[in-house]
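Below is one structure, written out as structure tokens; comments come after it.
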Amino acid sequence: MNVIETDQLTRSFGPLIAVDRLTLEIPAGSVFGFLGPNGAGKTTTVRMLAALIAPSSGIATVAGYKLGAENQSIRRSVGILTETPGLYDRLSAYENLTFFGQLYDLDAVKAGRQAERFLRDLDLWERKDEKVGSFSKGMRQKLAIARALLHEPQVVFLDEPTSGLDPEAARTVLNFIKTLRSEGRTIVLTTHILPEADEMCDIIGIFKTQLIRVDTPDRLRAGLFGKGVQVRLTADATAYVDAVKALPFVKDVVANNSMLSVQLDDLDGQSPVLVQALITAGAQIRSVMPISHSLEEVYLQLVGSKKTEEEQ
Amino acid sequence: MNKVWLILHKELREIFQQRPLIYSLCIVPLIFVILAGIVLYTTHTSLLKPPPNAQINPTAAIETAQVSVGNLFRMYFLIESLFIPAMIAAYSIVGEKNSHTLEPLLATPVETWQLLMAKSLSAMIPAILATWLSTGLFIAEMAMFTAPGVIGQVITPGYLVLLLLTAPVVTLTPVALTVMASSRFNEPRTAAQFSSVIFVVLVLVFSRVGFGEVISPLASLLVTAIMAVIGIVLFWIAIGIFQRESILTRWK
């Protein structure tokens, strides 16, 4: 079941088209990563889906509610971490959370309980009575995440949740997002930190005004670079290229010093046969590893090709 | 209405924690109170020690002067109710934008009217309190430093209606105009200044008080009713044209 569906969703600001005919489905319980360069329209998309700004055209449903016609229901069903934490500096952490909890229709007692729960989960309970103005950036970010979750939303939008945080604070936030994922919430994450997206996201949407590609990280890699293994030998690999090419399932093979890079369709089924063929041909094998491409390579390839298309 | 009280409570807490804002709100009423006190005290000492060999009745002349001074200051105290709420309302919306708190606030299921009513009340309540408090001090000064009968000519039933009913109602107008301006203009200072155009009209109304015109309670009630209608209409227009998204996307 999809918790977010958009069809030709478009938003323009005067002559500038920020989001162009976005058609997208996000399954319930998944972590969806929105990747794209600055100005790609990620924040505008999040704002539209959180019913903060209206689309210029197109339709969308969020948590089963129609965007535009049922905005208040959407606002009750989603939590949002905005680009900047946006907390009241003169109020304490606890007061900030209970204030927003009540705005999300929790009664005062429930808002207090939820505030305590999330402040404890995020290691802020000891400082609950301190004014937020004295908090570090990491603490503010954690508090803003807590605020987005107080009303137990079905969908959580996190706009660059670890931006500007030190590694320790970023890790705390990421672990917390993993906890949310294990609770079955749908999370829409926008980030520029690609290893983070690779670690956290079930589905990645690469976006530059238009949606360029959407898929799981592994399928994005396979689609662009294919699948395969790297076999490190004890001797020069060139001598074994023909033996490998003779295997009917091998799509491509490249030798580089003692390394053979072999493209396959089915790593689990075909790798043992490949290893057996190399041993039969007299090769001594040091290691066999799946070929790994980073999400950054995928991203640069896709965004770069989009840029080239635009220039043409 | 719960959300109105919730936001109002938060707004008032924030306003009263901001010393620069409180100082700027208090300074003008305080100056009026001090000036009125000095002028009335000076005339009071003349009343106690009339100049020898005066050609005219000095007591009557001083009483007339005190009535004139009283009429002038009672107008100033009414005018306070115009500029104080505009200052707070401008801060209230613009301040949220500057501290990036408006986006998470607008992401909650709060209705526009609830948000604007809370923000308007948070601007009106301190303004009304400041007006009443400073006018109370002025009345005390009148009681202490004027001849018997003077206070009755200045603080008339009509004036009390203006103070207790019209002034609170009038605060709604600059607030509504500031709210309208806040969602239409990119520059927050322009938004705040936009509401000052209403000063010209309302100062003209209040200046009649300054010229000593005796305004009957009935006439004061009529002014109150007219201002209430104008204020409510402007407020609903403000709600209608308050564009959540233009504030989020246009203001930098």
Side-chain angles (χ1 to χ4, degrees), chain A residues 11-14 16 18 43-44 46-56 65 70-92 95-96 98-108 111 131-133 140 143-144 147-148 150-151 153 157 159, chain B residues 1-22 88 91-119 122 126 183 186 239-252:
Chain A
R11 173 68 206 214
S12 44
F13 297 100
L16 174 75
T43 298
T44 301
V46 166
R47 282 175 165 179
M48 281 195 285
L49 296 176
L52 275 166
I53 62 173
S56 305
Y65 299 106
E70 297 172 295
N71 281 353
Q72 288 293 64
S73 299
I74 290 176
R75 289 181 189 128
R76 279 188 196 94
S77 307
V78 306
I80 182 168
L81 170 73
T82 48
E83 268 178 305
T84 45
L87 297 156
Y88 294 107
D89 285 354
R90 292 181 188 84
L91 302 186
S92 71
E95 287 167 335
N96 263 282
T98 51
F99 171 68
F100 276 99
Q102 290 176 81
L103 285 181
Y104 278 111
D105 297 331
L106 304 181
D107 62 47
K131 286 188 179 166
V132 169
R140 295 167 75 87
L143 194 60
R147 178 183 58 196
L150 284 169
H151 56 299
F157 294 101
D159 199 353
Chain B
M1 283 303 273
N2 277 349
K3 287 183 185 173
V4 175
W5 292 120
L6 185 69
I7 299 170
L8 174 62
H9 180 246
K10 189 274 294 174
E11 291 287 323
L12 290 175
R13 279 199 60 181
E14 285 216 299
I15 288 167
F16 286 110
Q17 283 182 21
Q18 290 191 79
R19 285 186 186 167
L21 183 65
I22 293 298
I88 301 175
Y91 153 77
S92 187
I93 294 173
V94 175
E96 292 262 14
K97 177 66 192 173
N98 291 341
S99 59
H100 304 285
T101 47
L102 199 55
E103 188 169 1
L105 187 61
L106 293 177
T108 67
V110 65
E111 301 280 357
T112 303
W113 73 265
Q114 292 172 323
L115 178 64
L116 295 186
M117 183 176 280
K119 289 202 168 277
S122 72
S183 59
N186 289 349
I239 291 173
I241 66 169
F242 183 85
Q243 294 176 343
R244 287 170 172 243
E245 67 174 66
S246 68
I247 285 186
L248 292 177
T249 55
R250 286 169 61 196
W251 282 16
K252 300 293 177 198

Between [X] and [Y], which heavy-atom pair has the shortest distance, and what is it?
| X | Y | answer |
| --- | --- | --- |
| B/P104 | A/P85 | CG-O, 4.2 Å |
| B/T108 | A/F100 | CG2-CD2, 3.9 Å |
| B/A107 | A/Y104 | O-OH, 3.7 Å |

By a 4.5 Å heavy-atom criterion (distance strictly below it), what part of A/A148 contacts chain B: side chain, backbone, both, or neither? neither
For residues A/D105 and B/K3, determine if any side-chain heavy atom of one lies less than 4.5 Å from a side-chain heavy atom of the other. yes
Do B/N2 and A/Q102 come within less than 4.5 Å of each other through their side chains, counting heavy atoms only? no
Which residues, numbered in order, of residues 76-83 of chain A come under 4.5 angstrom of chain B by heavy-atom distance? A/R76, A/I80, A/T82
Rounding to 0.5 Å, atoms CG (B/L106) and CD1 (A/I53) come to a distance of 12.0 Å
Could B/K10 and A/E95 be called an ion pair, given the rule that one side-chain N must be under 4.0 Å from one carboxylate O? no
Hits for side chain to side chain contact (heavy atoms under 4.5 Å, CB included) against B/T101, two or more places apart or cross-chain, chain-then-number order -> A/Y88, B/E96, B/S99
Applying side chain to side chain donor-acceptor pair (under 3.5 Å), name anything that partners A/E70, two or more places apart in sequence or on another chain. none
For A/K131, check side chain to side chain donor-acceptor pair (under 3.5 Å) against everything at least two apart and list the hits. none
